[in-house]
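As structure tokens, the structure follows; a few thoughts come after it.
A, B, ... follow the sequence lines: proteins, then strands. Residue 1 opens every chain.
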Protein chains: 4
Amino acid sequence: MSHNQETSLEQLFMNDDSLTEKQKKILAAAIESFSEKGYAATSTNAIAKKAGVAEGTIFRHYKTKKELLLSITAPMMAKMIAPFVIMDINKVLEHDYDHLEDFLRAMVKNRMEFIKKNAAMVKILLQEIPFHPDLREQFIENIGKKVFGRFVELVKYYQDKGDIIDMEPSSVVRLIAASLIGYVGAHQLMSGSPGWNSEKELENSIHYIMHGLKKG
Amino acid sequence: MSHNQETSLEQLFMNDDSLTEKQKKILAAAIESFSEKGYAATSTNAIAKKAGVAEGTIFRHYKTKKELLLSITAPMMAKMIAPFVIMDINKVLEHDYDHLEDFLRAMVKNRMEFIKKNAAMVKILLQEIPFHPDLREQFIENIGKKVFGRFVELVKYYQDKGDIIDMEPSSVVRLIAASLIGYVGAHQLMSGSPGWNSEKELENSIHYIMHGLKKG
Amino acid sequence: MSHNQETSLEQLFMNDDSLTEKQKKILAAAIESFSEKGYAATSTNAIAKKAGVAEGTIFRHYKTKKELLLSITAPMMAKMIAPFVIMDINKVLEHDYDHLEDFLRAMVKNRMEFIKKNAAMVKILLQEIPFHPDLREQFIENIGKKVFGRFVELVKYYQDKGDIIDMEPSSVVRLIAASLIGYVGAHQLMSGSPGWNSEKELENSIHYIMHGLKKG
Amino acid sequence: MSHNQETSLEQLFMNDDSLTEKQKKILAAAIESFSEKGYAATSTNAIAKKAGVAEGTIFRHYKTKKELLLSITAPMMAKMIAPFVIMDINKVLEHDYDHLEDFLRAMVKNRMEFIKKNAAMVKILLQEIPFHPDLREQFIENIGKKVFGRFVELVKYYQDKGDIIDMEPSSVVRLIAASLIGYVGAHQLMSGSPGWNSEKELENSIHYIMHGLKKG
DNA sequence: TATGAATGAGGGTTCATTCAT
DNA sequence: TATGAATGAACCCTCATTCAT
């Protein structure tokens with residue numbers, strides 16, 4: 001859960017040697033189009049044109065348009081949850097973060113970083129989940145089961161320590177998530193407008209989360 | 001901000017005498033389809049079939065498919081913000097709710113009621129906002145400017161009374177909103193699954209909001 | 001074949017007591033639309049709107065769109081050939097016009113007058129003839145047989161008198177017609193532009209016709 | 001302005017290597033349909049069927065139905081005026097045709113040849129001009145400005161020589177054009193009927209033109 | 001007589017996908 | 001591997017016409 005630089009997912013695509021040059025262009029074009037106009041409203045023809053590639057080329061690499069979407073969202077989810085999947089909870093808890101606040105702040109900053117770097121892809125994921133049952137299942141499986149589970153353990157630990165409220169751990173996790181997603185949403189909506197101070201809002205959000213979960 | 005029964009928007013459509021019987025069926029079918037598969041992935045032909053109506057009939061009443069969407073979302077937004085637009089802030093504050101907690105709880109319940117009754121339409125609104133600049137503008141204009149402004153006033157009042165934290169009022173409002181929207185989203189995602197207790201989750205959310213905003 | 005004022009066909013419609021007020025508006029709207037955009041490209045809906053009438057009203061008076069077209073073109077043709085049908089050739093020839101030139105000039109002026117007054121309707125007739133076999137037949141029957149026949153008689157008379165060339169009478173008639181229609185076409189195309197002097201062009205056309213038909 | 005064989009425009013399309021086999025079939029089908037029923041009354045579906053091609057194929061090659069029309073009429077106009085654009089007036093006048101009659105006869109025959117070979121396409125052009133402002137402008141620009149200008153020069157030359165009447169050169173050109181177009185129109189209308197002798201009518205037309213323009 | 005809601009066939013066009021090159 | 005022509009189903013929408021009011 002450190003602050004070290006991760007490369008963005010899109011950059012990962014670009015450095016993947018198993019991908020053709022054209023394939024990379026297709027992915028980049030698809031990401032931009034899907035995030036702007038949505039999956040259903042983006043035509044493969046439009047993607048091909050934006051990628052500077054023949055329409056057939058898309059289908060040489062991805063059997064269907066849907067598969068192209070999944071080739072974006074699947075690694076997206078994998079990377080999204082990676083830090084949680086690999087983290088050794090015991091080590092994390094005992095050595096890295098004495099206080100919950102510290103852990104939450106670190107996590108928030110880290111994932112916020114990830115989200116900022118992969119804004120378009122996160123946008124696609126969130127936008128398309130309502131319309132694709134398989135995407136939703138995949139999401140629930142990954143985020144809901146794996147990550148959620150890990151967080152629940154974490155929350156329980158801090159609850160046992162008496163640091164935070166004795167609410168259902170799953171609820172606690174959901175509340176945190178909502179606050180963070182809300183922050184990102186506001187950032188997408190407001191970013192650039194004069195009244196929006198992204199850093200300060202982040203701090204406010206963290207403060208809100210912390211106090212919302214305080215014991216008593 | 002009372003708990004009195006409001007009729008759902010869809011019922012309002014159904015009781016609107018200026019609408020043909022067929023028109024009502026079209027609206028109902030469109031609401032169902034749009035909320036399930038999204039605007040772009042719903043064909044006018046599918047709507048017509050679901051409504052038991054000729055496809056041409058749709059276009060007699062709504063010049064375009066987009067206009068049909070807006071005829072759903074526009075009154076949706078109006079009703080959504082209605083309680084805030086008409087509420088007399090001074091009266092509200094001085095007589096109805098001595099404590100912020102009471103007001104928030106009442107408001108949450110009231111709007112939660114509205115959202116539950118109009119789940120499909122709210123879903124449409126939230127789902128389509130990313131894809132329709134005009135919808136987004138309309139939303140910002142209504143929710144962002146009108147409602148937000150009113151809430152900011154309210155928050156300032158309670159801040160002056162010393163009840164809640166001295167954070168930017170706009171941030172406070174955003175944080176509350178995120179938590180509530182997060183609750184609804186979870187409800188949509190989880191409703192029906194065994195682990196989900198909607199009532200309790202609502203209480204948890206309110207508790208979280210209250211403490212998140214506590215002074216000090 | 002005198003120069004007396006005839007009312008235009010459209011005015012005739014307007015004064016016809018057997019026509020409803022609405023019906024007159026429909027005819028006027030149809031004439032304008034058909035002449036501007038053509039029969040096939042004009043919708044009954046557009047006609048109804050331009051006439052300020054419900055779409056159903058059109059079909060109360062005219063069973064089909066085609067019938068509406070014919071209700072314009074049929075009287076058009078009747079009026080177009082009326083002077084020729086009623087004229088008493090012998091009288092005309094022996095008393096009215098000693099010289100062919102005089103007759104032609106009078107006829108040209110008279111029909112030109114008619115065409116000017118009914119520009120839109122003539123335009124419709126000429127435009128639609130290529131697309132409607134029945135219109136074409138009707139046209140051939142009326143203009144081709146009746147009028148043509150009369151003109152052929154006339155031409156023969158002047159040929160017997162030795163005034164004009166001994167070409168096939170039918171060819172003579174066709175040549176005159178082409179020159180006159182050419183004049184009207186040019187008028188439609190050029191009218192209003194600075195270089196176009198309608199009166200002078202008409203005189204040129206007549207001169208051209210006369211000399212084109214001169215003996216020897 | 002020689003009588004050498006030109007290939008018809010449609011044959012040119014058929015020998016154009018830049019066109020797909022299907023594209024040629026589409027063009028042939030469109031030419032036939034447009035000339036018979038008119039542009040507005042011809043459906044792309046009908047063209048596709050007649051061409052033995054999927055409807056989508058049409059739109060792969062021509063973005064819109066209108067573009068398909070223009071892809072027929074534009075080269076049509078180019079070829080129509082080509083002989084006039086490339087002719088060296090001085091050479092023509094001094095060496096080829098001592099008398100105006102000879103030039104006119106040659107030109108008439110040459111263009112008549114072209115028109116006969118491209119009857120369908122000429123028909124389309126003339127039929128659609130009233131309904132398409134852009135076509136009309138294009139026509140005026142090409143025929144009206146370029147060709148007309150050249151003819152005016154020619155006419156002036158012969159007027160200076162004293163061969164023909166001292167009428168406005170532009171009127172002279174118009175009168176000739178009307179007579180020729182009239183001939184073609186009659187040919188379209190009458191061709192096949194027993195009384196129509198195309199060759200003789202052409203000679204009559206030329207004679208009529210010549211005498212119509214005689215001095216004095 | 002006049003309306004305008006309703007129809008469903010058909011309009012032009014776009015779509016994701018296939019396949020010969 | 002990459003192309004782009006070809007497909008035909010499906011898209012949104014318009015059409016002429018009908019009919020209950």
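- Between the CG atom of D:N45 and the C1' atom of F:dC13 there is a distance of 16 Å, given to the nearest Å.
- The shortest distance between the side-chain N/O atoms of C:S43 and the OP1/OP2 oxygens of F:dT14 is not below 4.0 Å.
- Take the nearest nucleotide of DNA chain E for B:G52 and for D:G56: the residue whose nucleotide is more 5' is B:G52.
- Closest of all the heavy-atom pairs between B:I124 and B:I31 is CD1-O, 3.4 Å.
- Backbone-only contact: B:T20 has heavy atoms under 4.0 Å from sugar-phosphate atoms and none from a base.
- Using a 4.0 Å cut-off between a side-chain N of Lys or Arg and a carboxylate O of Asp or Glu, B:D134 and B:K66 qualify as a salt bridge.
- Heavy atoms of other residues, nucleotides or ligands lying less than 6.0 angstrom from NZ of C:K49 number 12 at most.
- The partner of E:dA20 is F:dT3, by the rule that a Watson-Crick or G-U pair needs both atom distances under 3.5 Å.
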- Task: Would you sort out whether A:I58 and A:K22 count as a side-chain contact (heavy atoms from CB on, under 4.5 Å), showing the intermediate values?
- Result: CA-CA 9 Å; A:I58 293 176; A:K22 307 245 172 196; over 6 Å; no
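- With rounding to whole Å, B:E55 atom CD is found 9 Å from F:dC11 atom C1'.
- Geometric assessment of D:K65 against the ring of D:Y39 yields a positive cation-pi assignment under the 6.0 Å and 45° thresholds.
- Across all strands shown, the partner of F:dC13 is E:dG10, judged by Watson-Crick or G-U wobble contacts whose two distances both fall under 3.5 Å.
- Separating the CD1 atom of C:I47 from the C1' atom of F:dC15 is a distance of 12 Å, rounded to the nearest angstrom.
- Closest-nucleotide positions on DNA chain E for D:T42 and B:E21 were compared, and the one nearer the 5' end corresponds to B:E21.
- Sequence order on DNA chain F of the closest nucleotides to C:K66 and D:K22 puts D:K22 first from the 5' end.
- Between C:R136 and C:I129, the shortest heavy-atom distance links the atoms NH1-O, 3.2 Å.
- Note that the first and last nucleotides of DNA chain E, 5' to 3', having any atom under 4.0 angstrom from a heavy atom of chain B are E:dA5 to E:dG8.
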